[in-house]
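Here's the structure, in structure tokens; my notes come after.
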Amino acid sequence: LQLAAADKLDLQAPITKYLPEYPKKSGDKITTHHLLTHTSGIPNYTAFPKFFEDESRNPYKPEEFVEKFAHKDLEFTPGEKFSYCNAGYNLLGFIVEVITKKQYEEVLQDRIFTLLKMTNTGFDKHRALQKNRAYGYFKSWGDYYNANYIDMSAVSAAGAVYSTVEDLFLWDQALYSEKLLPKKYMNLVFTKHIPDPSYGGEYGYGWSIKNKRIGNSKEKVETISHDGTIDGFCAIFTRIPSSKSTVILLSNIRRAPLNAMTKGVLGILYNKSYDFPKKSAAYSLLDAINEK
């Protein structure tokens with residue numbers, strides 16, 4: 001959107017305008033708008049069964065990763081429907097690199113992190129030592145284990161950023177201003193572009209828009225949110241524009257009850273009753289079996 005605001009990118013132009021070597025059979029039909037709204041029809045390559053077993057451990061250059069899915073047939077006509085696609089966001093990152101002639105991580109640093117003084121945020125690299133970096137875990141049969149290794153170059157623009165709650169709050173507050181984008185383009189980010197049946201709401205540019213329950217009351221409030229998971233980690237970021245409240249939850253366990261926690265925190269914020277996340281019945285049974 002920053003590139004669009006600077007007239008360096010047309011959101012409605014085919015991506016072959018910026019990537020002339022991308023297969024024209026599909027590239028002439030796909031726009032940046034389609035990629036941003038998960039309506040491109042590109043197969044979600046990172047969801048393929050073998051990806052996290054084999055390929056996520058390999059270092060990739062962006063163009064090498066794009067080559068993995070660029071020649072595959074589209075699953076539907078671009079713009080026809082919503083279908084979540086990390087591969088499309090990887091492609092967006094590559095387009096940013098081609099236009100700016102900089103690495104995606106440099107663009108994030110220069111145009112967002114440094115500008116907003118997000119000093120504990122960056123592009124994750126396995127070899128780089130990061131002070132206070134959290135390790136990722138998963139839980140199985142009642143015990144915790146180290147998460148599998150992932151080379152973040154395979155995830156890239158679809159989610160290779162590390163951060164803190166405090167830094168993400170700086171970003172949240174900037175989204176109410178014009179520090180990052182002129183109002184015209186910021187409005188585009190939060191426009192309801194396409195229904196998202198899996199979420200029960202609408203999708204903007206990288207954000208889900210939905211009325212969420214407040215605690216265990218019947219009342220709802222409009223939220224703009226997104227969640228994400230990867231081996232060892234999960235996160236959910238929920239904005240409530242009407243009150244400029246924000247709930248940011250980060251976990252270094254692959255499956256933590258962050259949705260239930262968010263619902264409870266919304267109850268607290270609006271002085272409504274709420275429930276604590278429920279403990280897994282399966283784990284409770286396992287504990288009883290092990291003990292008795």
Side-chain angles (χ1 to χ4, degrees), residues 1-9 11 32-33 35-38 89 92-93 96 100 104-123 157-196 199-215 219-228 234-251 258-259 261-272:
L1 270 291
Q2 288 179 335
L3 294 174
D7 291 326
K8 294 181 179 179
L9 175 69
L11 297 171
T32 309
H33 170 83
L35 296 174
L36 284 165
T37 54
H38 296 289
Y89 267 69
L92 284 169
V96 168
T100 62
Y104 177 69
E105 59 188 281
E106 289 182 77
V107 178
L108 290 183
Q109 190 66 54
D110 294 344
R111 291 173 174 257
I112 300 177
F113 304 152
T114 299
L115 180 66
L116 299 181
K117 295 182 172 57
M118 295 170 68
T119 55
N120 291 303
T121 302
F123 195 87
V161 169
Y162 67 84
S163 191
T164 63
V165 167
E166 293 85 355
D167 270 14
L168 290 175
F169 183 67
L170 292 175
W171 182 53
D172 166 75
Q173 293 299 291
L175 297 178
Y176 290 109
S177 72
E178 294 191 53
K179 287 182 181 178
L180 297 174
L181 279 176
K183 191 173 189 308
K184 168 187 171 182
Y185 288 91
M186 191 64 82
N187 288 343
L188 271 181
V189 174
F190 302 117
T191 295
K192 297 175 182 177
H193 293 292
I194 188 86
D196 174 4
Y199 189 68
E202 308 279 333
Y203 205 82
Y205 282 163
W207 290 97
S208 295
I209 304 160
K210 179 185 179 181
N211 291 331
K212 283 190 177 181
R213 288 267 299 275
I214 300 174
E219 293 182 40
K220 293 184 178 182
V221 64
E222 184 175 80
T223 63
I224 298 172
S225 66
H226 217 291
D227 57 15
C234 61
I236 184 167
F237 190 126
T238 305
R239 313 179 71 233
I240 306 101
S242 59
S243 60
K244 291 191 176 179
S245 302
T246 311
V247 182
I248 304 167
L249 301 176
L250 309 178
S251 173
L258 302 190
N259 278 301
M261 292 167 68
T262 298
K263 184 179 175 184
V265 172
L266 288 179
I268 294 170
L269 286 174
Y270 285 87
N271 200 28
K272 302 291 182 183

Aromatic ring pairing His33/Tyr205, orientation class (parallel under 30°, perpendicular over 60°, tilted between)
perpendicular
When rounded to the nearest 0.5 angstrom, what is the spacing between CZ in Phe113 and OG1 in Thr119?
11.5 Å
Where at least one partner belongs to residues 165-194, residue pairs that pass salt bridge (charged side-chain N to carboxylate O under 4.0 Å, His left out), sequence neighbours excluded:
Asp172-Arg239, Lys192-Glu222
Would you check, one step at a time, whether the test side chain to side chain donor-acceptor pair (under 3.5 Å) holds for His226 with Tyr199?
CA-CA 10 Å; His226 217 291; Tyr199 189 68; over 6 Å; no
To the nearest 0.5 Å, what is the distance between NZ (Lys212) and CD1 (Ile240)?
8.5 Å
Would you name the heavy atoms of Leu36 and Tyr203 that are closest together and state the gap between them?
O-CE2, 3.6 Å
Euclidean distance, Thr262 OG1 relative to Asp227 CG, rounded to 0.5 Å
9.0 Å
Looking at every heavy atom in both Ile209 and Gly204, which two are closest together, and how far apart are they?
CD1-N, 4.2 Å
Using side-chain contact (heavy atoms from CB on, under 4.5 Å) as the criterion, point out the one residue from Leu269, Asn211, Ile214 that pairs with Val221.
Ile214
Under 3.5 Å, side chain of Gln2 to main-chain N/O of Leu180, donor-acceptor pair present?
yes
Considering non-hydrogen atoms only, spot the tightest contact between Tyr270 and Ser242 and give its length.
OH-OG, 4.0 Å
Take Phe190 and Leu175 through the side chain to side chain contact (heavy atoms under 4.5 Å, CB included) test and state the conclusion after the steps.
CA-CA 10 Å; Phe190 302 117; Leu175 297 178; 4.2 Å; yes
Say whether Thr238 and Ser225, considering side chains only, have a donor N or O and an acceptor N or O under 3.5 Å apart.
no
Residues in ring-ring contact (aromatic ring centres under 6.0 Å, His included) contact with Tyr89, at least two apart in sequence or another chain:
His38
